[in-house]
Each structure stands twice: as C-alpha cells, then as structure tokens.
Amino acid sequence: MKSRAKPLLRVWEWQADAACRGMDSSVFFSPVGERGRARRRREEAARAICRGCPVSGPCGRFALASQQYYGVWGGYTEAERRSAVRVTNRKPRVGPHPLADRTPPLRRKADPS
C-alpha cells in the first residue's frame, strides 16, 4: 500500500528562506484595537518586508489555502485575502485568480552538487 503522507519538510521548506524569519511577529499581526493610520503604517511596513522576500508567493498561497484570518502573509493584508476569497467563491468565475499576478511560483535554490 502506497502512503499518501507528504514529507513535512517539503510542505514547510519555503519558510526557511522567508525574509521575516526570526522577526518579531508584531510587525505582521495587529494588536487588539489597532485601527486607522497606525494599522495602515504597520501593514505597509510588513508589506515592504514581503516585497523583498523570495518566498512571498508561497507564503500568500499558504495563507489563502489554510485560511489564515489574521496578519500580513505574502504581502497580503487580512482584508485583501478576505476580498480574494469572496471573489473566488463567486460563480461563474471568469479569468485568472484575483491574486494570480501577485503570487510568483516557488523559486527553488539551485542544487550545489
């Protein structure tokens, strides 16, 4: 019988290259009661980090697939992900996924051998 289990490392390996690895999560997740200008500033700071991240595409796709309701993931805010899910759930859907142009494919490191 063939196993259907995926090696966990393959599922999570993109995180090893994340620009946010080891950073304080408060940059990406809002404190209780954060609103308005403070929230926009924090979200923009998080998005700036994500813009330079080599794995922002896989990160954003992970957040959508696993229904991450909070925080900035792959450069997408909570509101942007909610909006993308609403658009995706409409019928009939014509054209590409609303975030398709912003989520580049996973870039693998070249094998050093």
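Nothing here was measured: the structure is a model prediction, and the numbers come from that model.
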Revision key, fill the gap. Across all chains, not counting sequence neighbours, the side-chain hydrogen bond (donor to acceptor under 3.5 Å, both in side chains) partners of Ser25 are none

Revision key, fill the gap. Sorted by chain and number, sequence neighbours left out, side chain to side chain contact (heavy atoms under 4.5 Å, CB included) with Arg40 holds for Arg37

**Study point:** Cys50 and Val72, any side-chain heavy atoms less than 4.5 Å apart
**Key:** yes

Check your understanding: What closest approach, in Å, do Asp17 and Cys53 show between heavy atoms, and which atom pair accounts for it?
Key -> O-SG, 4.4 Å

Check your understanding: Between Gln15 and Val55, is any pair of side-chain heavy atoms under 4.5 Å apart?
Key -> no

Practice item. State which residues pass side-chain hydrogen bond (donor to acceptor under 3.5 Å, both in side chains) with Glu34; sequence neighbours excluded, sorted by chain then number. Key: Arg42

Study note, to complete from the structure: Output for pair (Tyr70 OH, Ser30 OG), nearest 0.5 Å, gives 9.0 Å

Point to revise | salt bridge (charged side-chain N to carboxylate O under 4.0 Å, His left out) partners of residues 66-75, not counting sequence neighbours, each pair once | key: none

Study note, to complete from the structure: Residues passing the ring-ring contact (aromatic ring centres under 6.0 Å, His included) test with Phe62, sequence neighbours excluded, are Trp12, Trp14, Trp73

Study note, to complete from the structure: Residues at least two apart in sequence or cross-chain that pass side chain to side chain contact (heavy atoms under 4.5 Å, CB included) with Ala45, listed by chain then number, are none

Practice item. Please list, chain by chain and in numerical order, all residues satisfying salt bridge (Lys or Arg N to Asp or Glu O under 4.0 Å) with Arg39, sequence neighbours excluded. Key: Glu43, Glu78

Study note, to complete from the structure: Hits for side chain to side chain contact (heavy atoms under 4.5 Å, CB included) against Ala65, two or more places apart or cross-chain, chain-then-number order -> none

Review point. Between Arg81 (side chain) and Gly71 (backbone), is there a donor-acceptor pair under 3.5 Å?
Key: yes

Exercise for review: Tell me, please, which residues at least two apart from Ala48 pass side chain to side chain contact (heavy atoms under 4.5 Å, CB included).
Suggested key: Arg51

